Amino acid sequence: MEILDLGLDILTWAAILIGCFFVIITGYGLLRFPDLYSRIHAGGMADTLASFLILGGLALQSGLTLVTVKLIFIIAFLFITSPTATYALAQATFVAGLKPRVDEGQLDDTPPTDKVEGGKD
Amino acid sequence: MSVYVVAAIAILVSIALALSRALMGPTAYDRILSVNAIGTKTVLLISVVGFMNGRPDFLDLAIVYALMNFIGTLAVLKYFKFGSLRTGLSRSSGGKN
Amino acid sequence: MRLISLICVTMAVWLLFSGIYTPLLIGFGVFSCILVALIARRMDVIDHEGLPVQLGANIVIYWAWLLWEIVKSNIDVAKCVLFPGKYLEQSMFTVKVSQKSDLGKVIYANSITLTPGTVTVDLHDDEVMVHALTRGTADGVKSGDMDRRVTKIMREE
């Protein structure tokens, strides 16, 4: 049983640390990417794999109890609600007239200058 | 130093990065995106802090926060898109109202 | 049929969330589940979209496959964040969807959005506008693998 506990602890550390890596990458990508559409992709990382890894690591620690069920429910809620919110955001942006920058090449560091006034149809 | 402390610190650093994007975002949609991301990370933070204090009851708060975050994001987006929360989603062709 | 399955699902959720099994609280649970089911039937939302029991076990297999896709595309996006000069190559294109029903289209569009690196921007009648972050993720959508799988679980060959 000692070996099993140690293995579970190691798995928990690995899952949560990789999840933390993805969470920090998400924040960094939100700060670094040049325009809104690419920032949406960066924000999607925290919703999917990072939350799955961190909450899965917590579920490994809690064993087979009601706590695990609640963690699975949180994962399910995030996985259902986050694409809906992302789609609503992307479509509102597109309808408001903010065109994406389609590029074939290099990233330039200048912030986007096009602003959206209002956003009403 | 347990793994929960490391996870909480990482999530807080990420929230700080997203918050700076929310403060300096050029358009309103950048700010909404950042607030949505902060909400998701807050759900993770509540869960991790609950485990860190040995009180997994915090997960109930995390579930409620996940749902509230979703509804709040949609409400703000609808307000920006239509200028009012009262009108229906009339742009799409399939919706009933 | 769907009414009974809705009552069962909400009752299971109640039992899993509460964790206190006294007769009084279970009685409250049964009462509120039946109330919710009656209100939902009066609102006419218990149909093949509100409670899609017809998908069955196929969607579980699809979720497992989708989870693997999410892992792969997360690694792609993380590389793109760390080295944007090398990988960042945004594009925007439309692809045809082969599903007939609204539920299939929504499952497909949400799957596209759920994998980071591709975001559904607009969903018209039978074509979906996708914004992709890198060339690899764009090719993943254009190849139509996910489209075929969603069509298969909807049984709309």
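Chain letters run A, B, ... following the sequence lines, proteins first, then strands; residues in each count from 1. What you see is a predicted model, and the numbers here were worked out from it, not measured in a lab.
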query: Looking at A/D47 and A/F79, what are the two nearest heavy atoms and their distance?
result: O-CE1, 3.8 Å

Modelled atom types, side-chain donor and acceptor of B/T27 and B/D30, under 3.5 Å: yes

- prompt: Among A/I54, A/L31, A/T86, which residue forms the greatest number of heavy-atom pairs with chain B at distances under 4.5 Å?
  reply: A/L31

query: Do you know which of A/I25, A/L17, A/T12, A/I24 has the most heavy-atom pairs under 4.5 Å to chain B?
result: A/I24

message: So which residue, A/T81, A/T84, A/T26, A/I16, ends up with the most heavy-atom pairs under 4.5 Å with chain B?
response: A/T81

message: Looking at B/M68, I'd like to know if its CE atom is crowded, meaning that more than 12 non-hydrogen atoms belonging to other residues, nucleotides or ligands lie closer than 6.0 Å.
response: no

Residue selection (most heavy-atom pairs with chain A, distance under 4.5 Å) from B/I63, B/V13, B/N69: B/I63

message: With a 4.5 angstrom heavy-atom cut-off, is it the side chain or the backbone of B/V43 that approaches chain A, or both, or neither?
response: side chain

query: Of the backbone (N, CA, C, O) and the side chain (C-beta and beyond), which part of B/I71 lies under 4.5 Å from a heavy atom of chain A, both, or neither?
result: neither

task: Please state whether the side chain, the backbone, both or neither of B/A37 comes within less than 4.5 Å of a heavy atom of chain A.
output: side chain

- prompt: So with a 6.0 Å cut-off around CZ of A/F52, is the heavy-atom count from everything else above 12?
  reply: no

query: Just by modelled atom types, is the B/A10 backbone N or O under 3.5 Å from a matching donor or acceptor in the B/S14 side chain?
result: no

Heavy-atom pairs under 4.5 Å with chain B, option from A/A42, A/S51, A/G43 with the top count: A/S51

field: Atom CD1 of A/I3: over 12 foreign heavy atoms under 6.0 Å
entry: no

